[in-house]
Amino acid sequence: MAGSYGMSFFLKDLCLLFKTQSEASPAGMTHVFVYGTLKRGQPNHKVLLGGTHGRAAFQGRGRTAEPYPLVIAGEHNVPRLLNVPGQGHRVVGEIYAVDEQMLRFLDEFEGCPDMYQRTPLPIAVLEWEGTRGAPRETPAADRTVQCFVYSTATFPPEWLHLPYHDNYDSQGQHGLRYNPRENR
């Protein structure tokens with residue numbers, strides 16, 4: 001009797017674990033937070049569309065739960081999230097559910113692990129449009145979602161002295177025009 005009682009709790013815990021994982025993102029999908037040229041309306045957003053590189057589904061808007069320095073740096077004016085938590089701003093971006101093929105493509109596209117490192121970070125949900133992945137018991141805007149983020153921990157020290165941004169736009173008032181890959 002005691003054995004079946006313990007097994008019952010184990011199975012309930014196991015069901016809760018699978019339910020929680022399935023609510024985290026659509027089946028077989030992983031959350032990725034984009035803050036720069038991959039956002040809608042930005043120069044590289046097209047790589048997330050059409051299914052050529054895998055699947056990516058827009059889920060909503062969010063911002064980093066902690067401040068980070070978002071700078072525009074390098075000869076091509078690339079937006080870079082420096083992996084220095086607690087410094088800078090809470091950076092605004094978009095949350096996507098991506099499949100394994102898209103995640104592998106993004107790793108290559110972002111030069112991971114040399115140029116950027118893919119790290120998990122909590123992202124505060126601002127707006128949620130995804131039909132799956134939002135908890136049933138609380139409004140999506142009142143929670144955080146664990147997402148992979150492409151940031152860099154290896155950068156020239158002078159980048160910490162560049163202006164910090166909270167929301168990147170390639171045509172923004174910063175005047176630093178992004179040089180697309182196809183023009184390099």
Side-chain angles (χ1 to χ4, degrees), residues 25 30-49 53 56-98 102-103 105-130 133-134 140-184:
S25 63
T30 301
H31 284 129
V32 173
F33 176 75
V34 299
Y35 56 84
T37 65
L38 290 170
K39 293 189 314 185
R40 294 183 290 183
Q42 298 303 311
N44 292 323
H45 180 69
K46 61 188 170 278
V47 304
L48 295 175
L49 306 175
H53 307 292
F58 178 78
Q59 298 293 287
R61 293 181 54 246
R63 69 174 166 217
T64 58
E66 285 188 75
Y68 283 87
L70 172 60
V71 300
I72 301 170
E75 70 176 294
H76 301 293
N77 294 322
V78 175
R80 300 172 193 263
L81 189 73
L82 307 182
N83 195 348
V84 184
Q87 191 170 329
H89 302 288
R90 293 178 67 199
V91 177
V92 174
E94 298 172 349
I95 302 165
Y96 287 84
V98 301
M102 178 60 78
L103 192 60
F105 170 79
L106 289 173
D107 281 352
E108 184 178 320
F109 186 82
E110 297 290 4
C112 185
D114 300 324
M115 190 160 126
Y116 290 97
Q117 296 78 48
R118 176 169 38 102
T119 55
L121 290 180
I123 301 299
V125 175
L126 298 174
E127 299 170 10
W128 194 263
E129 293 181 16
D142 289 345
R143 68 173 218 153
T144 60
V145 175
Q146 194 74 2
C147 296
F148 282 123
V149 178
Y150 292 92
S151 63
T152 184
T154 54
F155 52 86
E158 59 269 18
W159 286 7
L160 281 172
H161 303 290
L162 293 172
Y164 296 163
H165 304 273
D166 64 351
N167 194 355
Y168 176 79
D169 182 346
S170 63
Q171 301 296 315
Q173 292 184 359
H174 49 72
L176 301 170
R177 299 295 171 246
Y178 173 73
N179 184 19
R181 291 169 181 239
E182 57 269 14
N183 296 344
R184 297 180 195 169

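- Residues Gly93 and Lys39 share a closest heavy-atom pair of CA-CD, 4.0 Å.
- The ring pair (Phe, Tyr, Trp, His ring centres under 6.0 Å) test with His31 is passed by exactly one of Phe148, Tyr96, Trp128: Trp128.
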* To do: Applying side chain to side chain contact (heavy atoms under 4.5 Å, CB included), run through Asp114 and Thr154 and close with a yes or a no.
  => CA-CA 9 Å; Asp114 300 324; Thr154 54; over 6 Å; no

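- Here the closest heavy-atom approach between residue Glu66 and residue Pro85 is recorded as OE1-CB, 3.7 Å.
- The environment of CD in Glu182 is crowded: more than 12 heavy-atom neighbours from other residues, nucleotides or ligands sit within 6.0 Å.
- At a threshold of 4.5 Å between non-hydrogen side-chain atoms, the residues Glu110 and Leu38 count as touching.
- Here the side chains of Gln42 and Val34 are not in contact, with every heavy-atom distance at 4.5 Å or above.
- With a 4.5 Å cut-off on side-chain heavy atoms, His174 and Ile72 count as touching.
- Using a 4.5 Å cut-off on side-chain heavy atoms (C-beta onward), Leu82 and Thr152 make contact.
- Shown here for Ser170 and Arg177, the closest heavy-atom pair between the two residues is O-NH1, 3.4 Å.
- Checking side-chain atoms of Arg61 against main-chain N and O of Glu94 turns up no donor-acceptor pair under 3.5 Å.
- Taking NE2 of His165 as the reference point, atom OH of Tyr35 lies at 12.5 Å (rounded to 0.5 Å).
- Taking 4.5 Å as the limit, some side-chain heavy atom of Arg80 sits within range of a side-chain heavy atom of Trp159.
- Counting only distance, with no hydrogens or angles, the side chain of Arg143 and the backbone of Val125 share no donor-acceptor pair below 3.5 Å.
- Counted within 6.0 Å of CD on Glu108, heavy atoms from surrounding residues, nucleotides or ligands total 12 or fewer; the atom is thus considered open.
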* **Audit row: Val145, Gln59, side chain to side chain contact (heavy atoms under 4.5 Å, CB included) steps and yes/no** => CA-CA 11 Å; Val145 175; Gln59 298 293 287; over 6 Å; no

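- With no hydrogens or angles considered, a side-chain donor-acceptor pair links Asp107 and Tyr150 at under 3.5 Å.
- In summary, of the residues considered (Val91, Val71, Leu70), a side-chain contact (heavy atoms from CB on, under 4.5 Å) with Pro79 occurs for Leu70 alone.
- Residues Thr144 and Ala124 share a closest heavy-atom pair of CG2-CA, 3.9 Å.
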* Asked: Would Leu81 and Phe33 count as a side chain to side chain contact (heavy atoms under 4.5 Å, CB included) if you check the C-alpha gap in whole Å, the side-chain angles of each, and the deciding distance to 0.1 Å?
  -> CA-CA 11 Å; Leu81 189 73; Phe33 176 75; 5.7 Å; no

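- Here the side chains of Leu160 and Phe155 are in contact, with some heavy-atom distance below 4.5 Å.
- Contact check for Tyr68 versus Leu121: side-chain heavy atoms found under the 4.5 Å cut-off.
- Shortest non-hydrogen contact noted between Tyr164 and Gly88 is CD1-CA, 3.4 Å.
- Rounded to the nearest 0.5 Å, atoms CD (Glu75) and CG (Asn179) are 8.0 Å apart.
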* **Test side chain to side chain contact (heavy atoms under 4.5 Å, CB included) applied to Val32 and Ile95, step by step** => CA-CA 6 Å; Val32 173; Ile95 302 165; over 6 Å; no

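- Ring geometry for Phe105 against His53 counts as parallel: the plane angle stays under 30°, on a 0 to 90° scale with 60° as the upper cut.
- Looking at heavy atoms from C-beta onward, Tyr168 lies in side-chain contact with Tyr178 at the 4.5 angstrom threshold.
- In this structure, Arg40 satisfies the cation-pi test against Phe58, with its NZ or CZ atom closer than 6.0 Å to the six-membered ring centre and inside 45 degrees of the ring normal.
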